[in-house]
K.L.:
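Before I ask anything, here is the structure I am working with.
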Amino acid sequence: MANPAQSPLSLEFPDGSVREFDSGITGAQIAEGISKSLAKKSVAYVLNGELTDLAEPIGSSGKIEIVTRTDDQALELIRHDCAHVLAEAVQEIWPDTKVTIGPVIENGFYYDFDRDEPFTPEDLEAIEKKMRQIIARNLPFEKRVVSRDEARVLFENMGENYKVELLDAIPEGEDVKLYSQGEWTDLCRGPHMPSTGQVGNAFKLMSVAGAYWRGDSDNQMLSRIYGTAWADEKQLKQYLFMLEEAQKRDHRKLGREMDLFHFQEEGPGVVFWHGKGWKVFQSLVNYMRRRVEEHGYEEVNAPQILDKALWEQSGHWGWYRENMFTTVTEDDRQFAIKPMNCPGHVQIFKNGLRSYRELPVRLAEFGAVHRYEPSGALHGLLRVRGFTQDDAHVFCTEEQLEAECLRINDLMMSVYADFGFEEVLVKLATRPEKRVGTDAMWDHAEGILRNVLEKMTAESDGRIKTGINEGEGTFYGPKFEYTLKDAIGREWQMGTTQVDFALPERFSAFYIDANSNKKQPVMVHRAICGSIERFIGILIENYAGHFPLWIAPIQAVIATITSEADDYGEKVAETLREAGLRVDTDFRNEKISYKVREHSLAKVPAIIAIGAREAEQGTVSIRRLGSKHQTSMTLEEAVTSLTEEAIAPDVRRKRDAKAAA
RNA sequence: GCUGUUGUAGCUCAGGGGUAGAGCACGUCAUUGGUAAUGACGAGGUCGGUGGUUCAAUUCCACUCAACAGCACCA
């Protein structure tokens with residue numbers, strides 16, 4: 001870039017046309033050359049996939065695209081520029097505040113400041129006002145490439161010690177770039193739009209929060225301001241509306257309204273399941289129990305409390321002691337309440353001699369585990385201290401490993417589909433810093449998973465997208481993390497598959513191979529729901545409380561219109577119960593509209609209203625949740641359609657397969 | 001765990017140095033009403049906990065517990 005070569009540039013445009021330009025020409029000049037209107041709208045260009053300042057000379061030949069403010073790619077620039085404007089606004093109001101970093105994040109941006117006083121909501125309003133002023137000034141973003149020393153002197157003089165630290169972290173050989181908007185200058189990698197005016201007004205400061213400098217809890221805590229920014233008002237409104245929708249789905253709120261569960265002070269992070277919530281829980285466990293059985297697992301149950309020695313042997317004591325609930329008995333023996341099921345399952349595997357003929361051994365458990373999670377991490381059902389894992393451990397030979405991983409993947413994808421999650425992101429999490437085992441072992445295990453990931457993606461018909469989570473594996477092995485998208489586009493991490501060569505070794509687990517030699521099995525840890533509690537929380541949010549019939553705690557309420565219909569109402573309820581449906585009756589002396597309202601708010605899937613007319617004709621009037629209308633049918637028809645709908649998806653699948661055969 | 005905010009009836013919230021108030025929910029009575037709130041009356045709270053200041057604390061202060069948002073953590 002520093003060398004304005006004389007050779008002409010050959011640039012290919014999105015429409016496929018190729019044109020020659022003199023070197024040294026900038027993106028802005030190219031846009032100008034195409035049309036005045038394009039020049040006006042353009043905010044940056046993309047050269048060979050790299051987003052670049054409009055004012056930057058084109059560095060090489062290749063594919064070029066002029067980015068206008070309304071392009072998706074410009075959103076990142078709007079947000080990044082908005083972060084700069086935010087920082088300038090804050091320093092204009094409070095000049096003593098030090099700036100640190102302000103990156104773009106999903107839906108917006110944030111900026112971390114060092115300031116003695118925390119920001120208040122009123123401060124946010126003042127800052128936002130100032131930001132709109134700065135945007136109205138519409139001053140150009142000007143880039144300067146400077147020497148390290150020059151930048152260092154500049155920031156030291158400004159007292160911006162965080163910027164000096166960031167400067168020192170820029171790798172040798174990389175340009176040090178400064179961006180200024182008027183008087184205000186920041187160390188920044190860029191790119192930016194031509195001027196602050198292009199940020200527009202479709203932004204909003206959302207919240208203030210503490211955040212550690214460089215994300216390290218050993219460092220000082222800074223004040224972070226979060227904002228959201230969009231290309232136009234409409235998008236902003238849409239986003240704010242989505243947030244409101246998400247709030248309405250909050251499982252903590254719905255859990256209370258639907259009378260599913262509660263929490264109270266004496267038990268931080270442990271759930272009080274009410275009758276209805278426990279019904280959902282049981283439906284889910286029963287479903288998983290059937291699925292696991294059909295996939296060749298054996299359900300077991302390992303003790304809640306085990307001697308510390310076992311946890312030392314597994315390595316958990318070393319890594320996670322602070323997060324374990326422990327107890328010391330009268331005779332000074334130390335025990336731990338299990339935070340995991342794996343050591344228990346290894347003991348079951350090890351009990352007695354195992355032959356290679358038995359492998360793979362697949363042990364499943366709905367294991368209640370307890371972890372002393374940091375108080376700040378607790379969040380409704382999504383992060384608790386006592387929960388039930390749909391856990392399983394597969395002990396197999398190395399030759400069987402790949403097939404077992406693929407088999408697990410099949411089960412996972414099928415389970416997720418049964419709950420309506422079609423799109424799945426599978427990330428491979430690789431070796432973390434805190435780990436056991438040799439590098440060779442890790443190379444081996446990661447290699448196998450990479451291979452498996454490729455295969456299952458290929459076989460998924462596009463349902464599986466993949467990614468890598470560097471350094472996020474467990475201490476005993478790499479893992480897959482299954483992430484699902486819910487009904488309103490939020491992502492949740494759910495299942496995981498972990499390959500483990502370390503624990504079998506630590507516990508000296510072995511089997512007898514075909515040559516009568518002792519051999520160490522490989523162990524695969526896997527959970528599909530992850531935690532039943534968490535899974536239910538996610539289901540509540542995903543369905544917004546509108547559970548499908550097969551999992552709804554109360555499937556129908558029989559509500560009589562007048563007391564004359566009570567006898568018939570009782571008969572209807574009996575009939576439906578005999579057909580296996582979970583039915584409540586509401587014969588209270590209340591108006592039907594009152595009953596409809598109440599059961600609708602409680603998210604009962606079907607309200608069956610019964611009056612004199614129905615009693616006389618032997619019919620029922622069904623109003624489905626979410627509908628404003630009702631359908632009249634005979635009692636027999638109602639039984640048939642409701643029981644059919646209430647069949648769990650796996651049971652229906654089996655029945656249909658049988659019928660087809 | 002860290003930063004910040006919050007804690008008043010079952011729920012949503014108002015109030016404020018002189019021991020509390022609304023709506024909904026709850027109970028009783030009347031009402032038998034055809035698909036999202038029938039009416040009247042009534043009951044319900046040592047204002048998260050502990051300690052301090054004060055003649056007096058739910059209100060002010062300190063500590064503590066819990067929740068919320070974010071960060072850090074998540075075997």
Side-chain angles (χ1 to χ4, degrees), chain A residues 110 112 117-121 206-226 250 252-253 256-257 259 262-269 311 314-324 338-343 369 371-380 382-385 389 391 432 434-436 472-477 479 481 493 496 498 500 503 525 527 530-531 534 559-566 587-602 607-614 621-623 625 627-630 632:
Chain A
Y110 65 78
D112 286 346
E117 295 282 299
F119 294 104
T120 64
M206 304 296 286
S207 61
V208 195
Y212 299 108
W213 168 234
R214 301 191 134 189
D216 187 335
S217 58
D218 291 332
N219 286 344
Q220 176 169 6
M221 184 151 274
L222 306 167
S223 285
R224 173 171 300 178
I225 296 178
Y226 282 96
D250 191 314
R252 294 166 296 185
K253 179 167 130 41
R256 189 176 49 241
E257 289 170 4
D259 191 21
H262 86 268
F263 291 92
Q264 64 187 51
E265 283 205 18
E266 293 82 353
W311 305 108
S314 70
H316 291 98
W317 193 264
W319 298 126
Y320 294 104
R321 197 218 166 311
E322 305 73 38
N323 297 313
M324 288 165 75
K338 71 174 176 184
M340 305 209 67
N341 306 298
C342 16
V369 296
R371 299 176 181 180
Y372 191 70
E373 302 285 5
S375 56
L378 302 178
H379 182 96
L382 303 186
R383 189 82 182 271
V384 284
R385 285 184 175 155
Q389 291 181 312
D391 206 0
K434 284 198 326 190
R435 61 175 186 262
V436 297
E472 298 287 318
T474 73
F475 74 85
Y476 48 70
K479 65 174 173 181
E481 296 170 348
Q493 208 223 291
T496 157
Q498 310 169 354
D500 180 3
L503 280 189
H525 309 238
S531 127
R534 183 180 148 84
T560 45
I561 295 166
T562 67
S563 53
E564 284 174 2
D566 288 0
F587 296 165
R588 290 174 306 171
N589 178 9
E590 294 292 350
K591 289 192 169 173
I592 189 63
S593 47
Y594 179 87
K595 295 183 183 181
V596 165
R597 176 182 152 82
E598 195 159 280
H599 301 300
S600 298
L601 287 175
I607 298 171
I608 302 182
I610 304 283
R613 200 158 66 217
E614 283 76 13
S621 160
I622 302 188
R623 178 182 170 127
L625 183 58
S627 163
K628 285 202 183 335
H629 306 99
Q630 45 277 341
S632 187

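We use all heavy atoms of the structure for the numbers below, so side chains are in, but hydrogens, waters and symmetry mates are not. Numbered from 1 within each chain, the chains take letters A, B, ... in sequence-line order.
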K.L.:
Could you give the CD1-to-P distance, from I607(A) to A36(B), as a whole number of Å?
P.N.:
9 Å
K.L.:
Taking atom P in both U64(B) and C24(B), what distance in whole Å separates the two?
P.N.:
41 Å
K.L.:
Anything under 30° is parallel, anything over 60° is perpendicular, the rest tilted; go ahead and classify F475(A) against Y320(A).
P.N.:
tilted
K.L.:
Should D216(A) and R214(A) count as an ion pair when the cut-off is N to O under 4.0 Å?
P.N.:
no
K.L.:
Out of G7(B), U3(B), G4(B), which has the shortest distance to the side chain of P118(A)?
P.N.:
G4(B)
K.L.:
Rounded to whole Å, how long is the line connecting atom NE2 of H316(A) with atom P of C74(B)?
P.N.:
13 Å
K.L.:
Less than 4.0 angstrom between a side-chain N/O of R252(A) and OP1 or OP2 of A67(B), yes or no?
P.N.:
no
K.L.:
Using a 4.0 Å heavy-atom cut-off across all strands, classify E614(A) as base, sugar-phosphate, or nothing.
P.N.:
base
K.L.:
Checking contacts here: which listed nucleotide (U38(B), A75(B), G70(B)) is nearest the side-chain heavy atoms of S593(A)?
P.N.:
U38(B)
K.L.:
Less than 3.5 Å between a donor and an acceptor, one on the side chain of R214(A) and one on the base of A72(B), is that the case here?
P.N.:
no
K.L.:
According to the Watson-Crick and G-U wobble definitions, with both distances under 3.5 Å, which nucleotide is paired to U53(B)?
P.N.:
none
K.L.:
Taking all non-hydrogen atoms of both residues, which atom of A565(A) and which atom of A612(A) are closest, and how far apart?
P.N.:
CB-N, 4.4 Å
K.L.:
Do any N or O atoms from the side chain of S627(A) and from the backbone of R623(A) form a donor-acceptor pair under 3.5 angstrom?
P.N.:
no
